[in-house]
Amino acid sequence: MKFTIVGSGTLVPDADRGSAGFLVEEQGTRLLVDGGSGTITRLKKLGVDARELDGGIYSHRHVDHCADLVPILFALKVGVDIPRTRDYPIWAGEGFHAFLEGLYSTYGTWIRSDRWTTQVTELSLGGPGRALLPGGVVLDTLPANHSAGALHLRFTSPSGFTAVFSGDTGPNENLAILASGVDLLVTECAVPGKDPWDSHLSPDDVAALVDAARPRRVILTHLYPENDPVAALARVARVGVPVERGYDGLAVEG
Ligand SMILES: [Zn+2]
Ligand SMILES: [Zn+2]
């Protein structure tokens with residue numbers, strides 16, 4: 001499995017860091033994980049045409065994580081394999097189907113086709129969720145401490161490689177449970193200190209998470225500009241697990 005960071009940034013405009021977006025590739029299948037604005041372009045810079053994606057997984061419905069869903073569905077109408085007949089399945093937390101219906105009511109046939117469907121599979125916001133993804137990847141989820149139907153996501157390849165993406169979250173033991181002993185933990189580290197709204201992680205929070213879960217490798221992403229990356233990395237590194245800051249285009253294979 002190959003896990004690529006497509007966008008390592010936030011909703012704050014940044015010339016070098018796109019909104020949240022990731023790519024999971026396994027046995028010839030390509031699944032987009034999140035995808036804020038600009039994801040289509042950043043995918044193309046990585047050599048991936050969004051019209052060839054096999055589906056999408058969404059950690060939650062905030063704009064910096066899903067804004068490019070409309071452009072993707074619109075682009076599928078002009079598919080490289082015209083006419084596209086493959087479905088574009090979506091996995092996300094409960095509520096995503098209604099969210100997508102809202103988009104359909106706004107954009108109508110601009111973003112839907114009678115040749116393919118989006119087949120939304122909703123995962124529980126109240127407990128564990130599991131789905132079998134194309135390529136034989138197993139998706140396990142647990143609810144995150146955020147809003148907009150937020151989930152933590154764990155991908156397990158057929159060979160047993162495990163990668164967790166935190167999504168957006170405040171401190172939450174579910175994330176430590178899901179990330180326990182995984183090969184790769186890609187976690188948000190949005191804020192420099194304790195979030196007064198308890199919906200994002202600070203370096204101290206990530207350090208506690210890493211200490212509890214002991215993943216083999218940690219990548220920090222989604223840092224807001226006020227969060228000094230050098231200080232954040234130094235704080236998390238004290239736990240003793242390899243940690244680095246993610247960047248657009250960083251790929252991990254295992
Ligand atoms: Zn969010
Ligand atoms: Zn976010």
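Ligands are counted one by one from 1 in listed order, and the atoms in each one are counted from 1 as well. It should be emphasised that the depicted structure is a prediction, and the values quoted were computed from it without experimental measurement.
A search for ring pair (Phe, Tyr, Trp, His ring centres under 6.0 Å) contacts involving Phe155 returns nothing, not counting sequence neighbours. Residues satisfying the side chain to side chain donor-acceptor pair (under 3.5 Å) criterion with Asp34, sequence neighbours excluded, are Ser59, His65. Applying the side chain to side chain donor-acceptor pair (under 3.5 Å) rule to Glu244 yields the partners Arg217; only residues at least two apart in sequence or on another chain are considered.
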Evaluate side chain to side chain donor-acceptor pair (under 3.5 Å) for Thr169 paired with Asn145, printing each intermediate quantity in order. CA-CA 5 Å; Thr169 187; Asn145 181 13; 5.3 Å; no
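For His222, the N/O/S atom at the shortest distance from the Zn ion (ligand 2) is named NE2.
When atom types are taken as modelled, the side chain of Arg84 and the backbone of Arg51 share a donor-acceptor pair closer than 3.5 angstrom.
Annotation: protein N, O or S atoms under 2.8 Å of the Zn ion (ligand 1) (waters excluded) comprise His60 NE2, His62 ND1, His146 NE2, Asp168 OD2.
By the 4.5 Å heavy-atom criterion applied to side chains, His146 and Trp197 are not counted as neighbours.
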